[in-house]
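Given the structure is predicted, the values throughout are model-derived calculations rather than measurements. All residue numbers refer to positions in the sequence shown, counting from 1.
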Amino acid sequence: MDAERSPWRRGRLLALAAVLLAIVIGLHALVPNHWGNLASLVATFLPWLVLAVPLLVLAAVLRRSALAALLALTPLAAWVGVFGPRLMPVEPAAYDLTVVQHNVADDNHEVEHTVDLLLAEDPDIVALEEVTSENLPQYEATLGRTFEHHTTQGTVGLWSRHPISERTRVDIRPAGIGASWDRCLRAVVQTPEGEVAVYVAHLPSVRLGPRGLAANSRNRSAELLAEAIAEDPAREVLLAGDLNGNLMDPGLAPITDQVSREEHGFRFTFPSALPVVQLDHVLARGAEVTQLKVLSRSGSDHLPVVAQVSLGQ
């Protein structure tokens with residue numbers, strides 16, 4: 001048979017592309033983050049790289065390449081290896097606190113609807129970001145009907161059913177950002193199970209541009225937040241916030257090295273109209289996030305998340 005007509009000799013470039021994609025998925029942790037935050041960019045879109053598989057299969061069929069068709073499945077195998085454990089069913093676990101986390105957006109004109117959506121989860125703690133001086137009175141009035149205790153710092157806020165005994169500004173402002181930037185607080189909440197230090201944080205945004213992913217400010221802010229958590233004397237720590245990255249992003253490694261998280265399923269929260277990445281998180285140290293789910297749309301460009309937290313871990 002003519003080698004050019006052999007289905008095992010055609011489509012070598014397609015086959016190579018499939019193998020390279022499988023390597024990127026399977027070995028994503030080895031991707032360097034020095035050039036345009038390449039590893040962070042890969043981590044952001046990693047769950048979606050599997051969508052290339054049907055395109056590779058279709059191209060292999062059109063090319064009539066058995067080699068490319070076979071190797072087109074290698075990215076799928078790599079994806080299952082990375083994300084398969086997230087898809088396994090888990091038994092419901094006991095929990096002590098319900099925590100709602102939401103970047104409410106500074107241009108949110110549906111405050112009543114947003115608050116009703118959050119309160120429907122019967123939370124013990126509500127953490128909000130992008131609470132501006134203009135919309136703060138509305139949130140204080142609407143959430144104050146349910147929560148006796150609250151504290152705010154800059155554009156972040158915390159509402160609690162339980163008393164707040166301490167409240168402190170946490171400086172996570174990276175170099176080059178104006179002094180008015182104020183996006184992190186620490187509060188000690190007196191729960192029936194004991195004291196819990198709660199951080200509410202909003203890390204700097206990242207942008208995709210011609211030089212890659214502009215995430216250096218976010219990365220430095222993550223380092224500062226991680227340092228604060230590492231030095232925190234509290235036995236139980238919760239972190240709720242918009243971290244502007246998913247938990248596979250190496251830029252958030254300083255934080256994820258300090259805390260545990262619930263990693264079943266996919267909880268994409270941004271943009272709310274068609275969410276493709278999870279930016280909003282509830283994480284814990286000395287406690288366990290036993291379940292995390294995404295709520296429906298509010299008036300924000302982010303979706304809220306609600307976490308069940310077990311204390312005393």
Between [X] and [Y], is there shared hydrophobic-cluster membership here, with clusters defined by ILVMFWY side-chain heavy atoms closer than 4.5 Å?
| X | Y | answer |
| --- | --- | --- |
| V57 | L71 | no |
| V282 | V306 | no |
| V31 | L21 | yes |
| L247 | V237 | yes |
| L158 | V289 | yes |

Can D249 and R218 be counted as an ion pair, charged N to O under 4.0 angstrom?
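Result for this pair is yes, salt bridge flagged.
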
Any side-chain heavy-atom pair from [X] and [Y] closer than 4.5 angstrom?
| X | Y | answer |
| --- | --- | --- |
| V294 | F268 | no |
| Q258 | I255 | no |
| L87 | F266 | yes |
| V259 | L238 | no |
| E236 | E195 | no |
| F147 | E140 | no |
| V156 | V131 | no |
| T146 | V115 | no |

Heavy-atom pair with the smallest gap, counting every atom of [X] and [Y]:
| X | Y | value |
| --- | --- | --- |
| N33 | G251 | ND2-N, 4.5 Å |
| A78 | G26 | CB-N, 4.0 Å |
| S217 | P174 | O-CG, 3.6 Å |
| L252 | A222 | CD2-CB, 4.1 Å |
| S300 | A105 | OG-CB, 3.5 Å |
| V309 | A287 | CG1-CB, 4.1 Å |

Strictly by salt bridge (charged side-chain N to carboxylate O under 4.0 Å, His left out), give each pair with a member in residues 105-117 just once, sequence neighbours left out.
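Residue pairs passing salt bridge (charged side-chain N to carboxylate O under 4.0 Å, His left out), neighbours aside: E112-R145.
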
T269 and its side-chain hydrogen bond (donor to acceptor under 3.5 Å, both in side chains) partner, picked from D280, D242, N103, D301
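With T269 as partner, D280, D242, N103, D301 yield a single side-chain hydrogen bond (donor to acceptor under 3.5 Å, both in side chains), made by D280.
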
Output the distance between atom [atom1] ([X]) and atom [atom2] ([Y]), rounded to the nearest 0.5 Å.
| X | Y | atom1 | atom2 | result |
| --- | --- | --- | --- | --- |
| Q101 | L283 | CD | CG | 9.5 Å |
| R173 | D171 | CZ | CG | 6.0 Å |
| H149 | L143 | NE2 | CG | 14.0 Å |
| H28 | I23 | NE2 | CD1 | 14.0 Å |
| W159 | I164 | CH2 | CD1 | 9.5 Å |
| L70 | S65 | CG | OG | 9.5 Å |

Under the side chain to side chain donor-acceptor pair (under 3.5 Å) definition, can you give me all pairs with a residue in residues 74-95, not counting sequence neighbours?
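Every candidate side chain to side chain donor-acceptor pair (under 3.5 Å) pair involving residues 74-95 fails, so no pair, neighbours aside, qualifies.
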
When you look at CD of E193, are more than 12 heavy atoms from neighbouring residues, nucleotides or ligands closer to it than 6.0 Å?
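For E193, atom CD is crowded (more than 12 foreign heavy atoms under 6.0 Å).
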
Around atom CD1 of I177, are there more than 12 heavy atoms of other residues, nucleotides or ligands at under 6.0 Å?
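More than 12 heavy atoms, drawn from other residues, nucleotides or ligands, come within 6.0 Å of this atom.
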
Check: residues 117-126 side-chain donor-acceptor pairs under 3.5 Å, at least two apart:
unit_1: E121; atom_1: OE1; unit_2: K293; atom_2: NZ; d: 3.3
unit_1: D122; atom_1: OD1; unit_2: R161; atom_2: NH2; d: 2.7
unit_1: D124; atom_1: OD2; unit_2: T98; atom_2: N; d: 2.8

Under the side-chain contact (heavy atoms from CB on, under 4.5 Å) criterion, do L20 and L16 qualify, and how do the steps go?
CA-CA 6 Å; L20 290 176; L16 177 61; 4.1 Å; yes

Between [X] and [Y] (side chain of the first, backbone of the second, donor and acceptor by atom type, cut-off under 3.5 Å), is there such a pair?
| X | Y | value |
| --- | --- | --- |
| R267 | Q278 | no |
| H281 | G245 | yes |
| S221 | I172 | yes |
| D96 | L311 | yes |
| S272 | R297 | no |
| N246 | A43 | yes |

Looking only at side chains, do [X] and [Y] share a donor and an acceptor under 3.5 Å apart?
| X | Y | answer |
| --- | --- | --- |
| E288 | T290 | no |
| E130 | T155 | no |
| H102 | E129 | no |

Apply side-chain contact (heavy atoms from CB on, under 4.5 Å) to Q308 and L97, showing your working.
CA-CA 6 Å; Q308 295 174 348; L97 292 176; over 6 Å; no

Only distances under 3.5 Å count here; give the side-chain donor-acceptor pairs of residues 180-187 to other protein atoms, sequence neighbours excluded, each with its distance to 0.1 Å.
unit_1: D182; atom_1: OD1; unit_2: R169; atom_2: NE; d: 3.0
unit_1: D182; atom_1: OD2; unit_2: Q153; atom_2: NE2; d: 2.6
unit_1: R183; atom_1: NH1; unit_2: L203; atom_2: O; d: 3.1
unit_1: R186; atom_1: NE; unit_2: D232; atom_2: OD2; d: 2.5
unit_1: R186; atom_1: NH1; unit_2: E166; atom_2: OE1; d: 3.4
unit_1: R186; atom_1: NH2; unit_2: D232; atom_2: OD1; d: 3.1
unit_1: R186; atom_1: NH2; unit_2: D232; atom_2: OD2; d: 3.4

If you apply the rule side-chain contact (heavy atoms from CB on, under 4.5 Å), what do you find for T152 with L136, and how did you get there?
CA-CA 9 Å; T152 60; L136 176 59; 3.8 Å; yes

Yes or no on side-chain contact (heavy atoms from CB on, under 4.5 Å) for T114 and N108, after CA distance, side-chain angles and deciding distance?
CA-CA 9 Å; T114 298; N108 186 345; 3.0 Å; yes

List, one per line, each side-chain donor-acceptor pair under 3.5 Å for residues 44-55, sequence neighbours excluded.
unit_1: T44; atom_1: OG1; unit_2: S40; atom_2: O; d: 2.8
unit_1: W48; atom_1: NE1; unit_2: V276; atom_2: O; d: 2.7

What residues, two or more places apart in sequence or in another chain, satisfy side-chain contact (heavy atoms from CB on, under 4.5 Å) together with L14?
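Applying side-chain contact (heavy atoms from CB on, under 4.5 Å) to L14 gives L56, A59, R63, A68.
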
Parallel, tilted or perpendicular: rings of H302 and F270 (30°, 60°)
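The rings of F270 and H302 sit tilted, inter-plane angle from 30° to 60°.
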
